[in-house]
Amino acid sequence: MRIATWNVNGLRARQDFLLAWLRLREPDVVVLQELKLHDTQFPHELFAAAGYQAAVHGQKSWNGVAVLAKKPVAIVQLGLPGREEQGARLVTAEVEGVAVSSVYIPNGKHTGHEDFPGKLAWLDALAAHLAAAHRPDAALVVGGDFNVCPAPLDSWNEAALRGHIFHTDEERARFQRLLDQGLFDLFREKNPSAREFSWWDYRGGAFHKGEGLRIDFLLGSAPLLARLRSVTIDREWRKKQAGLTASDHAPVIAELD
DNA sequence: ATGTCGGAATTATTCCGA
């Protein structure tokens, strides 16, 4: 099984780009973030024609998450309980016996912004929800854009950015609390010292200067880790393809037995 | 160069969020 996560930064702007990538990589399951459309605008027919069905939790204009899969998807959860006012940021579906969640953690803007405590509260609520809804011995994947840089190795410039947004002890402690629910950072498990990033700002030529962050993760429970062969970050798809603009995030792909 | 994007509100221009 090949499972991926990708923040597409607007599905309507990215659908041709995404379809080209699906044809090339042929993932079995993909969790998407930042759809930026309402459920009713999701192009189910387009993805069905490409061989995928979707569980979608969207909203007008912003946020929005989905689970795409070649096999049937059964919706388990729409929205993070108690945190719906922060937007459509969680959907969980069961696919081939695996509970698959797509999450889009609030950005928080900066540590002095009123959104920052909201981000921490959302992460607290996610840890509580996972503890209540999932057993650590069951097959679970939580993939998405976490908007947290868990360790210095995950940042292009830890020295300058430590203590700033994505790089605070508060965010990192809460990311660790997610792992404490019995989850593993699948990329890091297979690539313990790799300095690779999944997001680069559109501005200032950040991609070409190597100024990125690793903030997109596939977290998996022990049964998934036992099946894990490899994890890659598909940075070629952060580049323009045949004249089509890329997202500011690259896909992350895990290969499972 | 805070140097770009996507989307909304509004009618090609400005704002917001990331």
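Note that this is a predicted model, so its numbers are computed, not measured. So that the names make sense, note that chain A is the first sequence line, chain B the second, and so on, each numbered from 1.
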Return no unless some side-chain N or O of [X] is found under 4.0 Å from OP1 or OP2 of [N].
X: A:S61; N: B:dA8; answer: yes
X: A:K109; N: B:dA18; answer: yes
X: A:K119; N: B:dA18; answer: no

**Item:** Quiz item: cation-pi between A:R89 and A:Y104, 6.0 Å / 45°
**Value:**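 Checked: cation-pi criterion met.
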**Request:** Could you measure between the two P atoms, the one in B:dG6 and the one in B:dT11, and give it in whole Å?
**Result:**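 These two P atoms come out 24 Å apart once rounded.
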**B:dC15 and B:dT10, which share atom name P, separated by this distance in whole Å** =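 My reading of the P atoms in B:dT10 and B:dC15 gives 13 Å.
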**Asked** Between A:G10 and A:D115, which has a closest nucleotide on DNA chain B that is more 5'?
**Response**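 Going by which nucleotide is closer to the 5' end, it is A:G10.
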**Request:** For A:Y202 and for A:N147, find the nucleotide of DNA chain B with the closest heavy atom, then tell me which residue's nucleotide is more 5'.
**Result:**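 Upstream on the strand: A:Y202.
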**Request:** Check whether any side-chain heavy atom of A:L120 sits under 4.5 Å from a side-chain heavy atom of A:E171, and report yes or no.
**Result:**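 Yes - at least one pair of side-chain heavy atoms lies under 4.5 Å apart.
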**Prompt:** Does a salt bridge link A:E158 with A:R172, judged by any charged N lying under 4.0 Å from a carboxylate O?
**Reply:**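 Looking at A:E158 and A:R172, the cut-off is met.
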I need the [atom1]-[atom2] distance between [X] and [N], as an integer number of Å.
X: A:K240; N: B:dG6; atom1: NZ; atom2: C1'; result: 14 Å
X: A:R238; N: B:dT4; atom1: CZ; atom2: P; result: 13 Å
X: A:N63; N: B:dC16; atom1: CG; atom2: P; result: 17 Å
X: A:R14; N: B:dA18; atom1: CZ; atom2: C1'; result: 13 Å
X: A:N9; N: B:dG7; atom1: CG; atom2: C1'; result: 10 Å
X: A:E34; N: B:dG6; atom1: CD; atom2: P; result: 11 Å
X: A:D248; N: B:dG6; atom1: CG; atom2: P; result: 9 Å
X: A:Q33; N: B:dA18; atom1: CD; atom2: P; result: 14 Å

**Message:** At 4.0 Å (heavy atoms only), tell me whether A:Y104 reaches a base, stays on the sugar-phosphate, or touches nothing.
**Reply:**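 Sugar-phosphate: the residue A:Y104, judged by heavy atoms under 4.0 Å, touches backbone atoms but no base.
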**Item:** Nearest-nucleotide pick for A:R89, side chain only, options being B:dG7, B:dC5, B:dA18
**Value:**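 The listed nucleotide nearest to A:R89's side chain is B:dA18.
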**Minimum-distance nucleotide to A:K60 side chain [options: B:dC5, B:dA9, B:dG7]** =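 Of B:dC5, B:dA9, B:dG7, B:dA9 is nearest to the side chain of A:K60.
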**Prompt:** Can you list the steps and then say if A:L213 with A:W200 is a side chain to side chain contact (heavy atoms under 4.5 Å, CB included)?
**Reply:** CA-CA 7 Å; A:L213 303 175; A:W200 297 260; over 6 Å; no
**Request:** Measure centre to centre between the rings of A:W21 and A:W6, then say whether the value is under 6.0 Å.
**Result:**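 Yes: the rings meet the under 6.0 Å criterion.
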